[in-house]
Amino acid sequence: MTTPRIAFDLKPSAQPLSDAERDALLREPGFGRHFTDHMVTVKWTEGRGWHDAQLQPYAPLQIDPANMTLHYAQTIFEGLKAYRQRDGSVATFRPDANARRFQNSARRLGMPTLPEETFVEACDLLVRQDRKWVPSEPEQSLYLRPFMFASEVGLGVKPANEYLFMVIASPAGAYFPRGVKPVSVWLSEEYVRAAPGGMGEAKTGGNYAGSLVAQAEAAEQGCDQVVWLDALERRWIEEMGGMNLCFVRGSGPGATILTPELTGTLLPGITRDSLLAIAQDLGYGVEETRISTDGWREGNADGTLTEVFACGTAAVITPVGQVKSARAEWTVGDGQPGSVTTQLRETLLALQTGEAPDPHGWMHPVS
Ligand SMILES: *Cc1c(COP(=O)(O)O)cnc(C)c1O
């Protein structure tokens with residue numbers, strides 16, 4: 001049986017922000033601080049499925065105090081960006097990949113799956129309606145935040161029988177305002193982000209809630225970000241905060257990009273996947289493998305591991321410059337952004353802004 005396409009009702013705002021007010025916000029957007037004039041909502045109810053799809057003015061929600069999400073955190077999200085292209089048009093990056101990951105997250109949390117085409121159409125509708133909010137300065141973009149949460153009211157613990165899917169959008173400047181300056185990282189040996197069989201592969205708020213105390217510990221240690229290790233041995237590198245990690249072995253054209261393999265406890269990043277493909281396009285070797293904290297320290301000391309960077313939609317690529325744990329401390333290479341890191345970053349950004357060809361067909365034009 002094929003499910004009928006979900007049709008959206010368009011209810012544009014009668015009072016969008018004026019051009020002058022919007023332009024003032026776009027001058028220094030920050031990250032996730034300002035939101036566009038509209039949002040998308042789609043409901044799901046047991047027995048009825050997806051219905052009541054709307055593009056409507058951005059507005060607060062009214063939530064019952066016994067809303068299940070507030071208590072049991074049955075909620076998932078995505079993050080993707082719309083980029084102003086060199087020719088003035090707007091395109092999103094791999095929204096189909098986000099749609100599929102959203103379905104996987106939904107399955108892990110016992111939630112209904114949203115059809116891929118509805119996810120992409122919801123993003124398209126919002127970007128099209130609020131296209132004036134897509135900034136055009138370098139490193140700027142419109143960040144889209146699709147999410148879904150249980151909307152049933154009640155305190156019984158069970159998968160909810162009612163959900164709300166939404167998309168909101170926020171203009172974004174550079175995620176780390178210091179630019180591509182390398183970050184320092186704290187290897188968290190006490191707290192873990194995810195254990196085998198847990199929710200590490202799902203993009204869900206609970207993973208972030210559990211990470212905040214470790215991030216605070218990293219800050220106390222004078223570090224910018226936390227690096228997660230595996231739950232069983234506290235030995236294998238998993239990810240950095242909300243970004244995947246890549247290591248460069250060797251240098252020049254013979255370099256190889258190493259990244260922790262997807263064991264189920266780390267988030268399968270779309271930036272990670274894209275960079276592995278781009279690295280191969282550029283002639284580098286690529287290996288998904290296991291990297292230990294000792295292996296990192298030793299490889300750094302003997303010069304075999306030359307560069308390390310984190311990658312994710314929000315910050316694209318951020319070099320790692322300093323590493324600290326309870327027992328050791330080292331500088332990655334010379335502490336400056338490496339040449340492979342810089343080349344990968346510029347190649348991906350050029351593709352996303354239409355300045356370079358798109359051999360993989362990743363850009364999705366929003367006409
Ligand atoms: C979203 C996320 C990433 C990066 O995924 P992208 O698709 O590249 O943005 C990495 N780790 C975690 C924990 C995340 O939530």
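Both counts, for ligands and for their atoms, begin at 1 and track the order of listing. Not measured: the values here are computed from a predicted model.
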Item to complete: Run the contact test for Glu78 against ligand 1 with a 4.0 Å cut-off on heavy atoms, strictly below, and give the result.
Response: no

Worksheet entry | ligand 1 atoms in contact with Gly269 (distance to a heavy atom under 4.0 Å) | 5 (O), 6 (P), 7 (O), 8 (O)

Worksheet entry | Tyr208: numbered ligand 1 atoms lying under 4.0 Å from its heavy atoms | 12 (C), 13 (C), 14 (C), 15 (O)

Worksheet, complete the sentence: Any heavy atom of Arg193 under 4.0 Å from ligand 1? The part involved is side chain

Discussion item. Below a 4.0 angstrom heavy-atom separation, can you tell me which part of Thr271, side chain or backbone, both or neither, approaches ligand 1?
Written reply: both

Worksheet entry | Best match, Arg272, Glu201, Lys203: closest heavy atom to atom 1 (C) of ligand 1 | Lys203

Worksheet item: So do Thr259 and Ile291 actually touch side chain to side chain, heavy atoms under 4.5 Å?
Response: no

Fill in: Aromatic ring proximity, centroids under 6.0 angstrom, Phe31 and Tyr143
yes

Discussion item. Within the 4.0 Å heavy-atom shell around Glu239, which atoms of ligand 1 are there?
Written reply: 10 (C), 11 (N), 12 (C), 13 (C)

Practice prompt. Go through the steps for Met240 and Val183 under the test side-chain contact (heavy atoms from CB on, under 4.5 Å), then give the verdict.
Written response: CA-CA 11 Å; Met240 179 190 96; Val183 293; 4.1 Å; yes

Practice prompt. Give the numbers and elements of all ligand 1 atoms closer than 4.0 Å to a heavy atom of Arg101.
Written response: 5 (O), 6 (P), 7 (O)

Worksheet entry | Ligand-residue contact atoms, ligand 1 with Thr313, heavy atoms, under 4.0 Å | 6 (P), 7 (O), 8 (O), 9 (O)

Worksheet item: Would you say Cys311 has any N or O atom under 3.5 Å from an N or O of ligand 1, going by distance alone?
Response: no

Fill in: Atoms in ligand 1 with a heavy atom of Met243 nearer than 4.0 Å
10 (C), 11 (N)

Discussion item. Could you check whether Asp52 and Gln54, counting side-chain N and O atoms only, form a donor-acceptor pair closer than 3.5 Å?
Written reply: yes

Worksheet item: Does atom CD of Gln280 have more than 12 heavy-atom neighbours from other groups under 6.0 Å away?
Response: yes

Fill in: Winner among Ala202, Gly242, Ser211 once heavy atoms are compared against atom 10 (C) of ligand 1
Gly242

Worksheet entry | Ser274 side chain to Arg94 side chain, donor-acceptor N/O pair below 3.5 angstrom | yes

Worksheet item: Can you tell if the side chain of Asp19 reaches within under 4.5 Å of the side chain of Arg22, non-hydrogen atoms only?
Response: yes

Worksheet entry | Any Gly79 heavy atom less than 4.0 Å to ligand 1 | no

Practice prompt. Scan side-chain atoms only and decide if Ser292 and Asp294 contain a donor-acceptor pair under the 3.5 Å cut-off.
Written response: no

Discussion item. Under a 3.5 Å distance rule, please check whether Gln74 uses its side chain to pair with a backbone N or O of Leu109 as donor and acceptor.
Written reply: yes

